[in-house]
Asker: 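For reference, the structure I am asking about is given below.
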There are 2 protein chains.
Amino acid sequence: MASRDDILAAATRHLNVDPRASMAVLATAAGVGRATLHRHFASREDLLHELGTRSLDRWEASLDAADADGAATSGDPERILACLRDLLSRFLADSDDFGFALTDSYLLGADDLLARSDRLVEREVLLYAAAQATGILRADVPPRWLGHAVYGLLVAAREAVRDGDVARRDLDTVVLSQFLEGGGAR
Amino acid sequence: MASRDDILAAATRHLNVDPRASMAVLATAAGVGRATLHRHFASREDLLHELGTRSLDRWEASLDAADADGAATSGDPERILACLRDLLSRFLADSDDFGFALTDSYLLGADDLLARSDRLVEREVLLYAAAQATGILRADVPPRWLGHAVYGLLVAAREAVRDGDVARRDLDTVVLSQFLEGGGAR
DNA sequence: TCCATATGAGACAGTTATGTCTCATATGAG
DNA sequence: CTCATATGAGACATAACTGTCTCATATGGA
């Protein structure tokens, strides 16, 4: 019997391939009848909203687990750097599952998700700003730019793995060093 | 009177905001009747296909204008670096207009566009490989990864400008140095 | 002015997805 | 075994979009 979580997992997997999949398709993908799908999620919007909520949950959990706030206020360069590494690794792990949420646009439609997303961005940017203040990250760009750069590299990472251009096991190293040191030769 | 190009421009602008906009909405956005829109583009697929073709045209034109092939085969480090700078700047200029094509998935549906896209990627990757061979770009990552990284940073750039986090006039510098030198402090 | 052409408004049928509903069946606890 | 519950199949009405068509009108050149 497919649980609510099973359905969400299948929907995520399928929406990664085809973001416009219909409820009927998503039901089939989850091995569930269309009626059952509607019993769990009253409308398509409900389903997407829950998917959005869960991806924000994961994002928030990563910030918590890496103790981004603690690192940001610590003023300790090494701790901040370790936090950045940890955070990026967690983001990469999640981007496998929630990749489509990165680029899909339905998230921008829900005001509550958007507001929550803004708050998470804020927390993350505080970490970047602290990293700039302690000499870990360059200070000649806006801290928010660094957030966008991380986001862009997550998109790049997802595509690179999907196309088989970077092995999953190398991903953390490649993305982290691309973010910190860039693509220029040493 | 709205020309075919005017309609395409309006459609691009509008699809950037709402990738799922209907033909009726796109017609209104272009200040044109729905019938007229269908006279120019027999189907929605036709419209999207032409949009995809034009974005690939721009991409190809950038590779041509920067003489990516010539630089790649020249073996001249300075020329390759200059070409990279030029190319990135051109990509950034285009990403304003064709931004939605970066992340939207309809492009992947059309085989001919996909094949053409693959050929352009190939040309671009040859440049990255040449840059690695001449010590411009780091050689410890796959050249294709560098292509993905550029793509990701273009996505980041679009979002950063849209959110007002980076001024358009600073974009070239910020993105180029993020790509080459990364976000780590010097 | 006259006429060819392009346009906008809108009707129309066909298709697809949505959300609700019913009913027969399967499953699992007691 | 019995029964309550969850499920799958599918009917149904509704809504939205698509692509085609007609017709009245506007525009611009001869």
Side-chain angles (χ1 to χ4, degrees), chain A residues 1-55 98-101 103-114, chain B residues 1-55 100-101 103-114:
Chain A
M1 190 177 77
S3 72
R4 187 183 177 89
D5 283 351
D6 293 337
I7 294 175
L8 282 168
T12 300
R13 219 176 308 124
H14 206 273
L15 286 170
N16 264 314
V17 179
D18 176 17
R20 301 188 187 185
S22 69
M23 291 294 269
V25 169
L26 294 180
T28 303
V32 147
R34 208 164 65 87
T36 302
L37 181 58
H38 273 288
R39 279 180 201 112
H40 283 289
F41 307 96
S43 70
R44 187 175 205 278
E45 197 185 334
D46 274 23
L47 173 61
L48 294 183
H49 193 279
E50 174 124 5
L51 247 29
T53 298
R54 300 218 168 191
S55 71
F98 290 97
F100 80 97
T103 49
D104 227 52
S105 58
Y106 75 88
L107 230 169
L108 292 80
D111 284 343
D112 56 339
L113 296 184
L114 196 54
Chain B
M1 192 177 75
S3 72
R4 186 182 178 90
D5 282 351
D6 294 335
I7 294 175
L8 282 168
T12 300
R13 220 175 308 124
H14 206 273
L15 287 171
N16 264 314
V17 179
D18 176 18
R20 300 187 187 186
S22 70
M23 291 294 268
V25 169
L26 294 179
T28 302
V32 147
R34 207 164 65 88
T36 302
L37 181 57
H38 273 287
R39 279 181 200 111
H40 283 289
F41 307 96
S43 69
R44 187 176 205 276
E45 197 185 333
D46 274 23
L47 173 62
L48 293 183
H49 193 279
E50 175 123 4
L51 246 29
T53 298
R54 299 219 169 192
S55 71
F100 81 97
T103 50
D104 227 51
S105 59
Y106 74 88
L107 231 170
L108 291 82
D111 284 343
D112 56 338
L113 295 185
L114 195 54

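Throughout, protein chains are lettered first and strands after them, A, B, ... in sequence-line order, and every chain is numbered starting at 1. Note that these values count all heavy atoms, side chains included, but never hydrogens, waters or copies made by symmetry. From a predicted model like this one, the values you see are computed outputs, not experimental measurements.
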Asker: Measure the distance from CZ on R4(A) to C1' on dA6(D) and round it to the nearest whole Å.
Answerer: 15 Å
Asker: To the nearest 0.5 Å, what is the distance between CG on L48(B) and OG on S43(B)?
Answerer: 8.5 Å
Asker: Going by the rule side chain to side chain donor-acceptor pair (under 3.5 Å), which residues pair with E50(A) if we only count those two or more places apart in sequence or in a different chain?
Answerer: R4(A), R54(A)
Asker: For a quick test of your reading: what N or O donor-acceptor pairs under 3.5 Å do the side chains of residues 23-37 of chain A make, sequence neighbours left out?
Answerer:
from: T28(A); atom 1: OG1; to: A24(A); atom 2: O; distance (Å): 3.1
from: T36(A); atom 1: OG1; to: R39(A); atom 2: NH1; distance (Å): 3.4

Asker: Map every base of DNA chain C to its dot-bracket character, where paired means a Watson-Crick or G-U wobble contact with both distances under 3.5 Å and | marks a partner outside the strand.
Answerer: ||||||||||||||||||||||||||||||
Asker: State, to 0.1 Å, how close H49(B) and A110(B) come at their nearest heavy-atom pair, and which atoms those are.
Answerer: CD2-CB, 4.0 Å
Asker: What's the spacing between L8(A) CG and F41(A) CZ if we round to 0.5 Å?
Answerer: 3.5 Å
Asker: Can you tabulate the close N/O pairs, meaning under 3.5 Å, that link protein atoms to atoms of nucleotides 26-29 of chain D?
Answerer:
none

Asker: Along nucleotides 12-21 of chain C, 5' to 3', which nucleotides get a B, which get an S, and which get a -, given that the test is a protein heavy-atom distance under 4.0 Å?
Answerer: -----SBBBB
Asker: Less than 3.5 Å apart, any donor N or O on the side chain of D46(A) or H40(A) sitting next to an acceptor on the other?
Answerer: no
Asker: Whole-Å distance between dT18(D) P and L47(B) CG?
Answerer: 10 Å
Asker: Listed by chain and number, what are the side chain to side chain donor-acceptor pair (under 3.5 Å) partners of R44(A), not counting sequence neighbours?
Answerer: none
Asker: Enter the distance from L51(B):CG to L15(B):CG here, rounded to the nearest 0.5 Å.
Answerer: 6.5 Å
Asker: Return no unless some side-chain N or O of T36(A) is found under 4.0 Å from OP1 or OP2 of dG8(D).
Answerer: yes
Asker: Round to a whole Å and report the spacing from CG of L37(B) to P of dG19(D).
Answerer: 10 Å
